[in-house]
Amino acid sequence: MADVGPELTFPEGFIWGVATSSYQIEGAVKEDGRGESIWDTYCRVPGNVENMDNGDVACDHYHRYKEDVALMKSLGLKHYRFSIAWPRIFPSGNVDEVNGPGRQFYDNLINELLAADITPSVTLYHWDLPQALEDKFDGWRSRDIVPAFTEYARKCFEFYGDRVKQWITLNEPWCSAVLGYCTGDHAPGRTDAPGEEPYVAGHHLLLAHAHAVDLYRKEFQEAQGGSIGITLNTNWWEPLTDTEDDKRTVEVALAFFMGWFADPIFRDGNYPEIMREVLQDRLPTFSEEEQKLLKGSSDFLGLNHYTTTYAGVPSITRHLVNLYQIIKMSPSGLKSFKMAWRVMTARHHYFKDVNVLISLSDKEGMTDMGWPIAPWGMGKLLEYLHKEYNHPIYVFENGMAVKARDVEEAVNDTERLSFMYTYLAEMHKAIKNGADVRGFYYWSFMDNFEWACGNNKRFGLIHIDYDNGQTRTPKSSAFFFKEVVTTNALPSLLEKDSLNIGFELLNRVQRSEDGDKLMQAGTATTKNEADTPDKETG
């Protein structure tokens, strides 16, 4: 583990922020001319989302954005990453048909943030594709999506680029490709061709990213003075044993999970060699011109990271032992067993192509998502990415889902406090070791609609009471993060055990000037009234 004890100070100018996404928090899916997204459609299919939850209301951020920005300001936050809902501005996906109230909402939100001295970082695509484009030409399966996305990006640069200085084209394209077009766990929920469609969708996602960046650099960047890039997700991968064969599987896993999207952008404009060898003609190819467009098409490397997994050479015995352990440890264990069966019986399948045993360890605990807690993996990953890709790194997502039965239990989130401290300490260690990490955004600002898990999984610094008008209540972790942001440092601690770290930090928060606010759990800390978005720029 990284050093615990003395205060750990971060580099001057280090960026601290929080993150959310449009479908997960906005709600108002049928208001003010917004069009349907593929997630609206996906949520209506029984069995796709726990408890048939959806984003119809979510956190009601669309009506309460002023309240949320005021809450951010009260917590000392200076940076906020959010996404634009494509169908809110262009309900049909056609950029010639602008929805005025949708465009105005993001104008108002950006202006409200700037007035509060909070810098916006904007994601163009966080999975809520207009359903109209899925119906029109099969969404990301079609090459037609590339110009459609590029023109959508153009309009966003035109509308908001005078105030937005950091753009993220795509959030976690691996999830869009694999969960959307292989396992069916995300919209649009396709499972028909799990060994072909994810690679086609991934190919078009990369091309859409490259064309949007090329457009921004040629027509907007010089005048607007912003930066543009992408954020990718991956676990850290550790070999199951010290054998050379198991170590080799780590390289394969990193290629299929990270290199698939990172290599074309940050290395040579092409897919990793191992993917080309394994997939042959099932992997689409880039033309020379497309390779040139892709290579270097990001000003920074965005990283979303949550957990560490072990990789090993697969065998029948290992598979059986691994499945037993996963079912025993993880709330999604039975689902993992069913997916393993689908992989084994499919002719072609993404996970069959990877051909790596994926193993979990609960040695350091598990999050409520069933993901192993392994802060040391974050440090290793950051150093690996710095060495392999040599770009400025922004951690755009990192956080933990913690189970809580009520608001009183939620605010005393010692597990999250320990998670945050130990992961941030490992990030500090990586920076000391030379990794060029420029910023960290906690996921997420508030509890939200957690995709196929519905409203059950709570990542937020702010508790949302879905049964009582979406009341907002800051958790202990919110006040701890406030101290980190304000001081640009992790405080010195006496404890080294992860469980005791959480309790020490909780006591620290309770003794602080914010401690009294924790005693008010269950009561709104900000106004609880719905606030219709202004019809003119604020």
Side-chain angles (χ1 to χ4, degrees), residues 8-21 72 77-84 113 118-126 161 164-175 209 212-213 216-217 221 224-236 257-258 261-262 265-267 296-307 375 377-399 420 423-445 459 461 481 484-485 488-490:
L8 303 176
T9 302
F10 285 80
E12 185 177 353
F14 193 83
I15 288 173
W16 297 100
V18 291
T20 65
S21 84
M72 291 178 205
L77 295 170
K78 297 295 183 182
H79 296 267
Y80 174 49
R81 176 192 168 213
F82 66 93
S83 71
I84 291 173
L113 288 165
I118 299 171
T119 301
S121 178
V122 176
T123 306
L124 291 169
Y125 184 73
H126 201 130
V164 173
K165 303 307 176 185
Q166 186 178 57
W167 294 96
I168 301 164
T169 54
L170 306 173
N171 179 78
E172 299 183 0
W174 183 92
C175 289
H209 156 80
V213 171
Y216 183 73
R217 287 176 172 172
Q221 193 166 41
Q224 295 181 351
S227 63
I228 189 166
I230 193 169
T231 192
L232 307 176
N233 65 296
T234 187
N235 303 346
W236 174 244
F257 283 80
M258 185 69 180
F261 295 97
I265 296 170
F266 299 103
R267 200 185 297 282
S297 60
S298 191
D299 296 331
F300 50 81
L301 196 166
L303 173 67
N304 296 359
H305 171 75
Y306 292 90
T307 190
M378 184 177 191
K380 286 190 173 186
L381 177 59
L382 290 169
E383 292 186 40
Y384 168 85
L385 294 176
H386 174 74
K387 178 183 175 183
E388 291 295 315
Y389 299 117
N390 193 28
H391 269 67
I393 299 169
Y394 290 86
V395 179
F396 281 125
E397 289 185 25
N398 173 256
M420 292 173 73
Y423 271 77
L424 291 176
E426 286 291 343
M427 182 174 70
H428 183 273
K429 180 181 176 182
I431 293 171
K432 277 178 58 179
N433 290 342
D436 186 12
V437 185
R438 306 278 182 90
F440 175 92
Y441 290 71
Y442 180 80
W443 182 272
S444 63
F445 173 57
F459 281 85
L461 299 175
F481 197 56
V484 173
V485 172
N488 194 37
L490 291 176

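A quick note: this is a predicted structure, and the numbers were derived from the prediction, not measured. One-based numbering along the sequence shown. Heavy-atom basis, side chains included; hydrogens, waters and symmetry copies ignored.
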Hits for ring pair (Phe, Tyr, Trp, His ring centres under 6.0 Å) against His428, two or more places apart or cross-chain, chain-then-number order -> Phe10

Nearest-0.5 Å distance that lies between atom [atom1] in [X] and atom [atom2] in [Y]:
X      : Y      : atom1 : atom2 : result
His126 : Asn171 : NE2   : CG    : 3.5 Å
Thr123 : Gln166 : OG1   : CD    : 9.0 Å
Glu397 : Leu232 : CD    : CG    : 11.5 Å
Tyr442 : Leu461 : OH    : CG    : 5.5 Å
Leu8   : Lys432 : CG    : NZ    : 7.5 Å
Ile265 : Thr169 : CD1   : OG1   : 7.0 Å

Is the shortest heavy-atom distance from the side chain of [X] to the side chain of [Y] under 4.5 Å?
X      : Y      : result
Thr119 : Leu113 : no
Ile431 : Phe14  : yes
Val18  : Tyr80  : yes
Tyr306 : Phe459 : yes
Val395 : Met378 : yes
Arg438 : Ile15  : no

- prompt: Can you name the side chain to side chain contact (heavy atoms under 4.5 Å, CB included) partners of Ala19, sequence neighbours left out?
  reply: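 Partners of Ala19 under the side chain to side chain contact (heavy atoms under 4.5 Å, CB included) test: Arg81, Tyr441, Trp443.
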
- Query: Please walk me through it: do Leu77 and Phe445 pass side-chain contact (heavy atoms from CB on, under 4.5 Å)?
  - Reply: CA-CA 10 Å; Leu77 295 170; Phe445 173 57; 4.2 Å; yes

Shortest non-hydrogen contact between [X] and [Y], atoms and distance:
X      : Y      : answer
Asp299 : Ser227 : OD2-CA, 3.4 Å
Ala435 : Leu382 : CB-O, 3.9 Å
Ser298 : Arg217 : N-NH2, 3.4 Å
Trp236 : Leu381 : CE3-CA, 3.7 Å
Glu383 : Asn433 : OE2-ND2, 2.9 Å
Pro120 : Phe82  : CB-CE2, 3.8 Å

Give a yes or no on whether the backbone of [Y] and the side-chain of [X] come within a donor-acceptor separation of less than 3.5 Å.
X      : Y      : value
Asn488 : Pro11  : yes
His79  : Ser121 : no
Lys165 : Gln224 : yes
Gln221 : Gly226 : yes
His209 : Ser297 : yes
His305 : Asn398 : no
Tyr125 : Pro173 : no

In terms of the angle between their ring planes, are Tyr394 and Phe300 parallel, tilted or perpendicular, with boundaries placed at 30° and 60°? perpendicular

Test ring-ring contact (aromatic ring centres under 6.0 Å, His included) applied to Phe257 and Trp174, step by step | CA-CA 7 Å; Phe257 283 80; Trp174 183 92; 5.2 Å; yes

Does Lys78 have any salt bridge (charged side-chain N to carboxylate O under 4.0 Å, His left out) partners at least two apart in sequence or in another chain, and if so, which?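 Testing Lys78 for salt bridge (charged side-chain N to carboxylate O under 4.0 Å, His left out), a comparison that skips the adjacent residues, returns Asp117.
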
So does Glu388 pair up with Arg267, basic N to acidic O under 4.0 Å?
->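 Here Glu388 pairs with Arg267 in a salt bridge, since their nearest N and O are under 4.0 Å apart.
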
Apply side-chain contact (heavy atoms from CB on, under 4.5 Å) to residues Trp16 and Leu424 and explain how you reach the verdict.
CA-CA 11 Å; Trp16 297 100; Leu424 291 176; 3.7 Å; yes

